[in-house]
Amino acid sequence: MTDSAPKPVKYPTIHMQAGRERRVQHGHPWVYSNEVQMDAAAKAVAPGSPVRLLEASGKPLGIAAFNPHTLIAARLLSPDPAARIDEGFFADRLGRALALRQRLFDRPFYRVVHAEADGLPGLIVDRFDDVVTVQANSVFMDRHIDAVLAAIDSVLAPRALILRNDGTQRALEGLAEETRLVKGVIDGPIRLEENGVTFFANPLDGQKTGWFYDQRDNRAFIASLAKGGRAIDFYSYNGGFGVQCAVAGATSVVAVDRSALALENAARAAAANGVADRFEARRADAFQEMERLDAAGERFEVVIADPPAFVKAKKDLGAGCRAYRKMARLAARITAPGGFLLCGSCSHNVDPPTFAEQVARGLNDAGRTGRILRSAGAGPDHPVHPNLPESAYLKAIVLQLD
Ligand code: SAH
């Protein structure tokens, strides 16, 4: 060993219970608290610490992020029992995640890191060219945030770096909310591109920040059907769906949202893409506006309804499902015969078959028939860990109605 060789790290050791190792041996990245030997030493490990995870027999499983107080006690970080969890570790994972996105996309606008699937449990990193936003959704990431930020700075060299710790997942992990400009200056909305169309977003202020890159492919699909028709985009946020429909040749587009800031960004995007004359930003409640338009007999060739999560917690499943069904019913009523309807859901707690059922019931409630053309999830910059298929939260169903 030379003088410069790093000293081996002595992480605390956690043993699994005999007979409980199979899921992890088969590649699942999580260990539940009732599957480890939760002795006094394990309970004393500081939440968010790296540990050496071993089978009951003592055979190493790798290095994991440990929290003795949560249902998911350990999240595997590396199968290498000698792995060091430091800036170099984060930089290596980031580098691999970045290389994938650079292969997927020509332009530097994408989600760089999508948590577990990119080997970085709890970490979300979005890129708007040289502006980068970071979200740490686990105690482990929170504890290592300085090393994470340093790694992002070295791998992506952003002009501005924003820590956006305001997700609902943080509350579940007992973490406080915090939005902090780590580096650079943000003065006003930042510019981004998606499918060749320019948009604007406020990564720091406003009720919602950033951009939802997950709908990229679904936006391209519905936009390809919008030429020559009237389109309406409910829950438009910064105009992602609506402005792409206008650019693709819709004769008119209405973006409906209750947030003035979101509509400002949408209108600004319409202007930047030269379609302001065919674009209207309308501040309204989505359901009320759908009902008003229906009563007025207005019909649209393309109707988009991609709302915020209606089911934020499991206990809201019943009420949330009824809301999705109502949304599908009201949106279907204003879809012209032969027109297209996109219904979206980003609720983790609603699985694809359940969502599809609500949409089908809503159509039936509206007295409409049709056919599903596309049933899709998020784009490839939101990859899914093969053993965590349930982490695929996004659903988008596109139908043609008779
Ligand atoms: N479809 C968007 C994402 C939706 S985010 C996209 O493609 O990017 C949810 C949006 O719904 C937010 O902009 C929020 O302001 C808006 N919203 C929430 N409740 C609403 C309501 N009742 N009526 C209209 N807009 C609403």
Side-chain angles (χ1 to χ4, degrees), residues 109-111 126 128 133 164 166-168 189-190 192-195 197-203 205-223 226 231-248 253-270 279-293 302-312 316 319-320 322-324 326-328 330-331 334 341-348 350 355 374 376-379 381-382 393-398:
F109 302 93
Y110 36 69
R111 174 153 293 187
D126 283 339
F128 308 90
T133 64
R164 243 191 49 193
D166 54 358
T168 45
I190 55 165
L192 66 113
E193 293 169 31
E194 184 183 278
N195 297 326
V197 180
T198 292
F199 290 98
F200 298 91
N202 300 78
D205 45 358
Q207 210 187 2
K208 289 256 174 183
T209 57
W211 180 255
F212 301 105
Y213 283 122
D214 52 0
Q215 292 281 24
R216 181 193 314 254
D217 293 349
N218 301 321
R219 292 188 184 117
F221 182 76
I222 195 81
I232 189 158
D233 177 10
F234 293 97
Y235 310 98
S236 68
Y237 188 48
N238 293 351
F241 280 102
V243 174
Q244 291 189 40
C245 286
V247 170
V253 175
V254 182
V256 179
D257 203 285
R258 68 176 181 195
S259 155
L261 181 65
L263 291 171
E264 248 173 61
N265 282 324
R268 192 172 167 157
F279 188 86
E280 180 197 337
R282 191 178 291 172
R283 193 168 180 195
D285 172 76
F287 284 3
Q288 279 176 15
E289 184 63 7
M290 288 175 186
E291 281 172 336
R292 192 190 67 78
L293 291 165
V302 170
V303 177
I304 295 142
D306 173 41
F310 284 162
V311 183
K312 293 207 169 66
D316 304 329
R322 284 191 291 281
Y324 284 124
K326 177 176 179 182
M327 180 184 87
L330 296 177
I334 57 170
L341 169 62
L342 181 148
C343 291
S345 161
C346 60
S347 300
H348 286 93
V350 180
F355 181 61
R374 178 183 170 93
D381 51 345
H382 293 60
Y393 62 98
L394 192 76
K395 287 119 356 234
I397 298 181
V398 182

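Note that ligands are numbered from 1 as they come in the structure, with each ligand's atoms numbered from 1 the same way.
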query = Under 30°, 30 to 60°, or over 60°: which ring-plane class applies to F287 and Y235, parallel, tilted or perpendicular?
reply = perpendicular

remark   = ligand 1 to A286, heavy atom cutoff 4.0 Å, flagged ligand atoms 21 (C), 23 (N), 24 (C)

task = Identify, by atom number and element, the atoms of ligand 1 in contact range of A284, meaning under 4.0 Å from any of its heavy atoms.
result = 23 (N), 24 (C)

Option set L263, D257, D214, criterion heavy-atom distance to atom 10 (C) of ligand 1, minimum = D257

message = What I want to find out is whether D257 reaches R282 closely enough, with some N-O distance under 4.0 Å, to be called a salt bridge.
response = no

query = Between R111 and D126, is the closest basic N to carboxylate O distance under 4.0 Å?
reply = yes

inquiry  = Quick check with a 6.0 Å cut-off and a 45 degree axis cone: is R268 positioned over the face of F200's six-membered ring?
reply    = yes

ask   = Side chains of Y324 and S345: is there a donor and an acceptor less than 3.5 Å apart?
value = yes

query = Are the side chains of V398 and L341 in touch, meaning some heavy atoms are under 4.5 Å apart?
reply = no

message = Ignoring hydrogens and geometry beyond distance, is a side-chain donor-acceptor pair present between Q215 and E194 at under 3.5 Å?
response = no

inquiry  = Within the structure, is a non-hydrogen atom of Q288 found at a distance of less than 4.0 Å from ligand 1?
reply    = no

key: Those atoms of ligand 1 less than 4.0 Å from some heavy atom in R219   = 6 (C), 7 (O), 8 (O)

ask   = Side chains of Y237 and D306: donor-acceptor distance under 3.5 Å anywhere?
value = no

task = Examine the proximity of ligand 1 to F212 and report which part, side chain or backbone, both or neither, has a heavy atom under 4.0 Å away.
result = side chain

task = Check each heavy atom of W211 against ligand 1 and say whether those closer than 4.0 Å belong to the side chain, the backbone, both or neither.
result = neither

remark   = Under 4.0 Å from one or more heavy atoms of Y237, ligand 1 contributes atoms 2 (C), 3 (C), 8 (O), 13 (O)

message = Among Y235, F310, F199, which one puts a heavy atom closest to atom 2 (C) of ligand 1?
response = Y235

message = At under 4.0 Å between heavy atoms, is it the side chain or the backbone of R258 that contacts ligand 1, or both, or neither?
response = both

request  = Enumerate the atoms of ligand 1 whose separation from the nearest heavy atom of D285 is less than 4.0 angstrom.
outcome  = 21 (C), 22 (N), 23 (N)

inquiry  = With a cutoff of 4.0 Å, is G344 in contact with ligand 1, counting heavy atoms of the residue only?
reply    = no

query = Is it the case that R219 and N195 place a side-chain donor and acceptor less than 3.5 Å from each other?
reply = no

message = Taking only non-hydrogen atoms of P308, do any sit less than 4.0 angstrom from ligand 1?
response = yes

inquiry  = Only heavy atoms of F241, strictly under 4.0 Å: list the atoms of ligand 1 that pass.
reply    = 7 (O)

